Participant: 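Below is one structure. I have some questions about it.
Positions are given from 1 along the sequence. Model, not experiment: these values are computed from the prediction.
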Amino acid sequence: MSAHENKAEILKWASQDGEFRRKPSSFRKFISKEAGAEYPPEKGRYHLYISWACPWAHRTAIVRALKGLQGVIGLSVVDWYLGELGWKFSTPEETPGSTIDPLHHASHLRELYFRMNPDYEGRFTVPVLWDKKTDTLVNNESSEIIRMLNEEFDDFVDDKFKGVTFYPKSLRKDIDELNEWVYDTVNNGVYKAGFATKQEVYETHVINLFKSLDRLEGILEKSTGPYIFGDVLTEADIRLYTTIVRFDPVYVQHFKCNIGTIRHNYPQLHKWLRHLYWDIPQFKETTNFEHIKKHYTKSHRQINPFGITPVGPIPDIEPK
């Protein structure tokens, strides 16, 4: 399939059997402090492309902010609209919250992928971690990018951020185990339900989703602190947050995940969500409900043909 033909595939989500299957990320190089690394950490060398709307990209923006990397790694934000050419760049005047591409002056994110491979046939996803020095796409897998931001740039941040980790050694096994089922049934589970094109496929995934929300509710109920693992904020909280903050405003209606809502049916998750949003500035500052709601409802025309964005719920997130 040529790059031109790939254009028509961008908005095709489900397979013939009605299942949505997320394709693995294509670029998986690492920034590392190890001697002789191909991509060593340097201040000002790397640039992060994200969407405020995308939960996977949102993870990386949160960690960048929590680690105080704003002056170390640049940031560009695509428009909330995802069309046949993929994510596009807009000026802040055209779409508040968006930016242009300062490195290549690209009109669409796809141009960065084609710089790497003119015959690239995968999806043009965010986040993208770019190396300005070699003009190379280093990595587009969010779970790996957040680990790099967490671990590799401590030499360039203020003292208060040095040593701050969201993947502590004592909890790594527990974090990895939780991340695995949360990714499959919650982070990606909402998409499996929402993009399903057969009734039985949808029902299987939406039921599994809510079983996992019940499981998370129980974990938080037993937690000794405000986070999943007690008093320690970890990447497990960060990875879950970007799905749960979108749940009531988008996933309940748009992806038909309506067995319950966070605010009415999950008191522990609701408390946990509001603590992150209202008490830790980096979560609120990176959460753009306008981009989130408009992206899903106006980009997914096969689900919402007229592109109507629901007004509610009001408010997008409830006060503490």
Participant: Output every pair passing salt bridge (charged side-chain N to carboxylate O under 4.0 Å, His left out) with a member in residues 290-299, not counting sequence neighbours, ordered by first then second residue.
Facilitator: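 Pairs touching residues 290-299 that pass the test: Glu290-Lys294, Lys293-Asp316.
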Participant: So do the side chains of Leu137 and Tyr113 get within less than 4.5 Å of each other, counting heavy atoms only?
Facilitator: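 Of all side-chain heavy-atom pairs linking Tyr113 with Leu137, at least one is under 4.5 Å.
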Participant: Is a donor on one side and an acceptor on the other found under 3.5 Å between the side chain of Ser223 and the backbone of Ile219?
Facilitator: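 Here the side-chain-to-backbone pair does not exist.
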Participant: In terms of ring plane angle, is the pair Phe210 and Tyr266 parallel, tilted or perpendicular, where the classes change at 30° and 60°?
Facilitator: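 Plane angle between 30° and 60°, so tilted.
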Participant: Output all residues satisfying side chain to side chain donor-acceptor pair (under 3.5 Å) with Glu217, sequence neighbours left out; order by chain, then residue number.
Facilitator: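 By the side chain to side chain donor-acceptor pair (under 3.5 Å) rule, Glu217 matches no residue at all.
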Participant: Hey, is NZ on Lys211 packed in by over 12 heavy atoms from elsewhere, all under 6.0 Å?
Facilitator: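 Open: at most 12 neighbouring heavy atoms sit under 6.0 Å from NZ of Lys211.
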Participant: Tell me, please, which residues at least two apart from Glu177 pass side chain to side chain contact (heavy atoms under 4.5 Å, CB included).
Facilitator: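 With neighbours one apart ignored, the set is Lys173, Asp174.
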Participant: Just by distance, no angles: are the side chains of Ser212 and Thr185 close enough, under 3.5 Å, to form a donor-acceptor pair?
Facilitator: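 There is such a pair between these side chains.
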Participant: Side chains of Tyr251 and Tyr296: any donor to acceptor distance under 3.5 Å?
Facilitator: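 Distance-only check passes for Tyr296 and Tyr251.
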Participant: Looking at every heavy atom in both Gly68 and Val157, which two are closest together, and how far apart are they?
Facilitator: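 Closest approach of Gly68 to Val157, heavy atoms only: O-CG1, 3.9 Å.
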Participant: Taking NZ in Lys162 as the centre, count heavy atoms belonging to other residues, nucleotides or ligands within less than 6.0 Å. Is the count above 12?
Facilitator: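 Atom NZ in Lys162 is packed in, count exceeds 12.
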Participant: Can you list the residues that meet the side chain to side chain donor-acceptor pair (under 3.5 Å) rule with Glu318, with sequence neighbours excluded?
Facilitator: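 Not a single residue meets the side chain to side chain donor-acceptor pair (under 3.5 Å) criterion with Glu318.
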Participant: Looking at Val126 and Trp87, what are the two nearest heavy atoms and their distance?
Facilitator: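 Minimum heavy-atom separation between Val126 and Trp87: CG2-NE1, 3.8 Å.
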Participant: Measuring only between side-chain heavy atoms, which start at C-beta, is Tyr46 closer than 4.5 Å to Tyr39?
Facilitator: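 Tyr46 reaches Tyr39 side chain to side chain.
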Participant: Where do Ile303 and Phe195 land on the side-chain contact (heavy atoms from CB on, under 4.5 Å) test, with the steps shown first?
Facilitator: CA-CA 8 Å; Ile303 294 176; Phe195 286 143; 3.8 Å; yes
Participant: What's the shortest heavy-atom distance between Thr224 and Asp231, and which atoms?
Facilitator: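 For Thr224 and Asp231, the tightest heavy-atom pair comes out as O-OD1, 3.9 Å.
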Participant: With a 4.5 Å heavy-atom cut-off, do Trp181 and Leu216 have their side chains touching?
Facilitator: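 Yes. Closest side-chain heavy atoms under 4.5 Å.
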Participant: Between the side chain of Tyr277 and the main-chain N/O of Ile280, is any donor-acceptor distance below 3.5 Å?
Facilitator: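 No: the side chain of Tyr277 does not pair with the backbone of Ile280.
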Participant: With a 3.5 Å cut-off and no angle check, do the side chains of Gln282 and Thr286 form a donor-acceptor pair?
Facilitator: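 No - no donor-acceptor pair under 3.5 Å links their side chains.
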Participant: Is the shortest heavy-atom distance from the side chain of Leu209 to the side chain of Cys257 under 4.5 Å?
Facilitator: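 Counting from C-beta outward, Leu209 and Cys257 do come under 4.5 Å.
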Participant: Would you say the side-chain atoms of Ser142 pair up with the backbone N or O of Ala57, donor to acceptor, closer than 3.5 Å?
Facilitator: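 Pair absent, no side-chain N/O of Ser142 close to backbone of Ala57.
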Participant: Look only at the side chain of Trp52 and the backbone of Gly97, and say whether a donor-acceptor pair between them is shorter than 3.5 Å.
Facilitator: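 Yes: the side chain of Trp52 pairs with the backbone of Gly97.
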Participant: Atom CD1 of Ile50 and atom OG1 of Thr60: how far apart are they, to the nearest 0.5 Å?
Facilitator: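 The OG1 atom of Thr60 is 5.5 Å from CD1 of Ile50, to the nearest 0.5 Å.
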Participant: To the nearest 0.5 Å, tell me how far His58 NE2 sits from Tyr241 OH.
Facilitator: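 One gets 5.0 Å once the value is rounded to the nearest 0.5 Å.
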Participant: For a side-chain contact (heavy atoms from CB on, under 4.5 Å) check, start with the C-alpha distance between Asn139 and Ile31, then their side-chain angles and the critical distance, and finish with the verdict.
Facilitator: CA-CA 9 Å; Asn139 195 294; Ile31 297 168; over 6 Å; no
Participant: Taking the side chain as everything from C-beta on, heavy atoms only, tell me whether Trp56 gets closer than 4.5 Å to Thr242.
Facilitator: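 No, every pair of side-chain atoms sits at 4.5 Å or beyond.
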Participant: Spell out, as yes or no, whether a donor-acceptor pair under 3.5 Å connects the side chain of Lys33 to the backbone of Glu151.
Facilitator: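 Yes, because the side chain of Lys33 sits within donor-acceptor range (under 3.5 Å) of the backbone of Glu151.
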Participant: In plain terms, say whether Arg59 and Glu235 are close enough for a salt bridge, that is, a side-chain N and a carboxylate O under 4.0 Å apart.
Facilitator: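 No, no charged N to carboxylate O under 4.0 Å.
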Participant: Drop me the distance from Lys284's NZ to Phe289's CZ, to the nearest 0.5 angstrom.
Facilitator: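 Interatomic distance, Lys284 NZ to Phe289 CZ, rounded to 0.5 Å: 10.0 Å.
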Participant: Search all heavy atoms of Gly260 against all heavy atoms of Asn265 and return the closest pair with its distance.
Facilitator: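 That closest heavy-atom pairing would be CA-OD1, 3.3 Å.
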Participant: Start with the C-alpha distance between Leu69 and Phe161, add both sets of side-chain angles, then the distance that settles side-chain contact (heavy atoms from CB on, under 4.5 Å), and finish with yes or no.
Facilitator: CA-CA 9 Å; Leu69 290 167; Phe161 298 110; over 6 Å; no
Participant: Scan residues 237-259 for pairs that pass salt bridge (charged side-chain N to carboxylate O under 4.0 Å, His left out), counting only residues two or more places apart or in two chains.
Facilitator: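 Qualifying pairs: Asp248-Arg263.
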Participant: Has Lys88 got a side-chain atom pairing as donor or acceptor with Tyr81's backbone, closer than 3.5 angstrom?
Facilitator: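 Absent.
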Participant: Enter the distance from Asp79:CG to Thr95:OG1 here, rounded to the nearest 0.5 Å.
Facilitator: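 Reported to 0.5 Å precision, the distance equals 3.5 Å.
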Participant: Got a sec, which residues hit salt bridge (charged side-chain N to carboxylate O under 4.0 Å, His left out) with Arg215, two or more places apart in sequence or on another chain?
Facilitator: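 Partners of Arg215 by the salt bridge (charged side-chain N to carboxylate O under 4.0 Å, His left out) criterion come out as none, since no residue qualifies.
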Participant: Do His47 and Ser76 pair up side chain to side chain, a donor and an acceptor below 3.5 Å, judged on atom types alone?
Facilitator: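 Yes, Ser76 and His47 have a side-chain donor paired with an acceptor closer than 3.5 Å.
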Participant: Under the 3.5 angstrom rule, does the side chain of His295 hit a backbone N or O of Trp80 as a donor-acceptor pair?
Facilitator: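 Present.
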Participant: Under the side chain to side chain contact (heavy atoms under 4.5 Å, CB included) test, which residues partner Ser32, sequence neighbours left out?
Facilitator: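 So Ser32 forms a side chain to side chain contact (heavy atoms under 4.5 Å, CB included) with Glu34, Ala37, Glu152.
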Participant: Which residues pass the side chain to side chain donor-acceptor pair (under 3.5 Å) test with Thr136, sequence neighbours left out?
Facilitator: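 Thr136 satisfies side chain to side chain donor-acceptor pair (under 3.5 Å) with Thr134 once adjacent residues are dropped.
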Participant: Heavy atoms only: give me the nearest Leu269-Leu213 pair and the separation to one decimal.
Facilitator: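 Where Leu269 meets Leu213 most closely, the heavy atoms are CD1-O, 3.9 Å.
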Participant: Do Ile292 and Thr287 have side chains that get closer than 4.5 Å, going by heavy atoms?
Facilitator: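 Heavy-atom side-chain distance check passes, below 4.5 Å.
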Participant: So, does Asp101 use its side chain to make a donor-acceptor pair with the main chain of His104 at under 3.5 Å?
Facilitator: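 A pair under 3.5 Å: yes.
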Participant: Could Asp154 and Lys67 be called an ion pair, given the rule that one side-chain N must be under 4.0 Å from one carboxylate O?
Facilitator: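 Yes, charged N to carboxylate O under 4.0 Å.
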Participant: Output yes when a side-chain donor or acceptor of Asn188 lies under 3.5 Å from a complementary backbone atom of Asp184, and no otherwise.
Facilitator: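 Not at all, since once roles are kept as given, no pair shorter than 3.5 Å links the two residues.
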Participant: Apply salt bridge (charged side-chain N to carboxylate O under 4.0 Å, His left out) to Asp131 and list each qualifying residue two or more places apart in sequence or on a separate chain.
Facilitator: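 Arg45.
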Participant: Counting N and O atoms only, with roles assigned by atom type, does the side chain of His291 sit under 3.5 Å from a partner on the main chain of Pro96, one being a donor and the other an acceptor?
Facilitator: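 Yes, His291 side chain to Pro96 backbone: donor-acceptor pair under 3.5 Å.
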Participant: What pairs with Lys320 under salt bridge (charged side-chain N to carboxylate O under 4.0 Å, His left out), at least two apart in sequence or on another chain?
Facilitator: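 Salt bridge (charged side-chain N to carboxylate O under 4.0 Å, His left out) check on Lys320 returns Asp279.
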Participant: Between Leu75 and Gln70, is there a side-chain heavy-atom distance shorter than 4.5 Å?
Facilitator: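 Gln70 vs Leu75: side chains apart.
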Participant: Only counting residues at least two apart or in another chain, list the ones meeting salt bridge (charged side-chain N to carboxylate O under 4.0 Å, His left out) with Glu38.
Facilitator: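 Partners of Glu38 by the salt bridge (charged side-chain N to carboxylate O under 4.0 Å, His left out) criterion, ordered by chain and then number, come out as Lys29.
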Participant: Hey, what else clusters with Ile308 if you join Ile, Leu, Val, Met, Phe, Trp, Tyr whenever side-chain heavy atoms sit under 4.5 Å?
Facilitator: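 Its cluster partners, ordered by chain and number, are Phe306.
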Participant: Out of Tyr202, Tyr191, Phe247, which residue meets the ring pair (Phe, Tyr, Trp, His ring centres under 6.0 Å) rule with Phe255?
Facilitator: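 One option only clears the test, and that one is Tyr191.
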Participant: Find out whether Tyr167 and Ile146 are in side-chain contact, i.e. whether some heavy atom of one side chain is under 4.5 Å from a heavy atom of the other.
Facilitator: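 They are not in side-chain contact.
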Participant: So which atom in Phe89 and which in Ala106 form the shortest heavy-atom distance, rounded to 0.1 Å?
Facilitator: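 Minimum heavy-atom separation between Phe89 and Ala106: CD1-O, 3.3 Å.
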Participant: How many angstroms lie between CD1 in Ile314 and CD1 in Ile317, if you round to the nearest 0.5 Å?
Facilitator: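 The CD1 atom of Ile317 is 15.0 Å from CD1 of Ile314, to the nearest 0.5 Å.
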